[in-house]
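Below, read A as the first sequence line, B as the second, and so on, with proteins coming before strands; counting in each chain starts at 1.
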Number of protein chains: 2
Amino acid sequence: MADQSERFDAIVAKLRANEFKLTPQRLAVARILAGSAGHPSVDQIYTRLLKDFPTISLATVYRNVMLIKSLGEVLELGFADGSNRYDGNKPYPHPHVICVQCKQVIDPDLSTFKNMAAEVEKETGYRILTHRLDFFGICRECAQKQ
Amino acid sequence: MADQSERFDAIVAKLRANEFKLTPQRLAVARILAGSAGHPSVDQIYTRLLKDFPTISLATVYRNVMLIKSLGEVLELGFADGSNRYDGNKPYPHPHVICVQCKQVIDPDLSTFKNMAAEVEKETGYRILTHRLDFFGICRECAQKQ
DNA sequence: CATCGATTGGTAATTGGTTGCAATTGATAG
DNA sequence: CTATCAATTGCAACCAATTACCAATCGATG
């Protein structure tokens, strides 16, 4: 995992560079995204922020996550069921492992996943822009609860 | 690509084994899925069927695709934008390459993607059930049209 | 050929994440 | 202190793929 405060600083720098105001709500969203513990959904970010900002609006969280995403500082993981998870800690494509029961999302360390995009370009003639590699399974905790 | 008629026969065998009636509409859906040329959406299957079955209902296509999917004979590729593509030719997880412009979906031949699920299980302690590997890019045809 | 449950066709309803909008707030400059 | 204006709030509305519903029809069987 990348350093959390470094990532926070990078996001804030991008916001500054594009002359967006640094409101407390916006900074709080940035701080959570910089950590991205568990790859939170917008709703989870919203819930966490309610403690410090009891009147914050869900719309505000949406807008700020989208704003930071538009600056390239957060990776959006959209799933077929309509749910979205966000990773501002490593805002570039990388493999994920998702527990289908508790919905936890973690980053595995894969030694073998290298230059596969290059191989695909050679094989297919496509110009590859991005990719997704997701593994779906049951985490240790959920397996024990059975 | 697996043999189309073999796949069709396999799907029909599964339908028979589970005592579902072999209606013309159902068989036609099975035939398209067995080929899965271009990894069609439900709507694309529906449009193709309109030529032979001018009164077929979209609901019928949905029902039969879902039925064949429930028998494990078709792979569903759900995307974050809500679109779904189906592959009854290779109904097991495998890599895909998607053109973000024309939405064409093809199957690349990847030599390096092997036993990655096993590596993930070892690394994370998860019991891996399935996976998705998607590359998004621009196909040759769309690249030239620019 | 008769029977009966499965299937079909046509359409309305659903769904829940996301966005639009009017009103309000709050930070900043003068 | 006041004016200004972007940001935020709170809620209503959206939206399109999918599902539910039900009467009419069909497939399989003996």
For A:Thr130 and B:Phe136, indicate whether the former's side chain and the latter's backbone hold a donor-acceptor pair under 3.5 Å.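 It does not hold such a pair.
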Under 3.5 Å: donor-acceptor pair, side chain of A:Asn115, backbone of A:Ala118: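 No, A:Asn115 side chain to A:Ala118 backbone: no donor-acceptor pair under 3.5 Å.
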side-chain hydrogen bond (donor to acceptor under 3.5 Å, both in side chains) involving A:Asn89 - partner list, sequence neighbours excluded: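 Residues passing side-chain hydrogen bond (donor to acceptor under 3.5 Å, both in side chains) with A:Asn89: none at all.
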I'd like to check the side-chain hydrogen bond (donor to acceptor under 3.5 Å, both in side chains) partners of B:Glu76; sequence neighbours left out, ordered by chain and number.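 Partners of B:Glu76 under the side-chain hydrogen bond (donor to acceptor under 3.5 Å, both in side chains) test: B:Lys69, B:Tyr86.
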Any salt bridge (charged side-chain N to carboxylate O under 4.0 Å, His left out) pairs touching [range], not counting sequence neighbours?
range                       : result
residues 83-106 of chain A  : A:Lys90-A:Asp107
residues 131-146 of chain B : B:Arg132-B:Asp134
residues 34-50 of chain B   : none

Can you sort out the partners of A:Arg31 under salt bridge (Lys or Arg N to Asp or Glu O under 4.0 Å), two or more places apart, ordered by chain and number?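 Expected list: none.
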Determine the contact category for [X]: base if any of its heavy atoms lies under 4.0 Å from a base atom, sugar-phosphate if only primed atoms, P, OP1 or OP2 are that close, otherwise nothing.
X       : value
B:Asp81 : nothing
B:Lys21 : base
A:Thr60 : base

Between protein and nucleotides 18-25 of chain D, map the contacts as a letter string: B base, S sugar-phosphate only, - none, heavy atoms under 4.0 Å, written 5' to 3'. SBBB----
Intra- and inter-strand pairing of DNA chain D, written as dot-bracket with Watson-Crick and G-U pairs under 3.5 Å and | for the latter, reads ||||||||||||||||||||||||||||||
Starting at atom CG of B:Asn64, determine the distance to atom P of D:dG27, rounded to an integer number of angstrom. 13 Å
Which residues pass the ring-ring contact (aromatic ring centres under 6.0 Å, His included) test with A:His131, sequence neighbours left out? A:Phe113, B:Phe135
For A:His96, what residues pass the ring-ring contact (aromatic ring centres under 6.0 Å, His included) criterion, not counting sequence neighbours? A:His39, A:His94
Is there a side-chain polar atom (N or O) of B:Gln25 under 4.0 Å from OP1 or OP2 of D:dC26?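 Indeed not, no polar side-chain atom of B:Gln25 lies that close.
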Residues from residues 47-57 of chain B sitting under 4.0 Å of DNA chain C, heavy atoms only?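 Output list: B:Thr55, B:Ile56, B:Ser57.
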First-last contacting nucleotides on DNA chain C - partner chain A, under 4.0 angstrom, heavy atom: C:dG17 to C:dC21
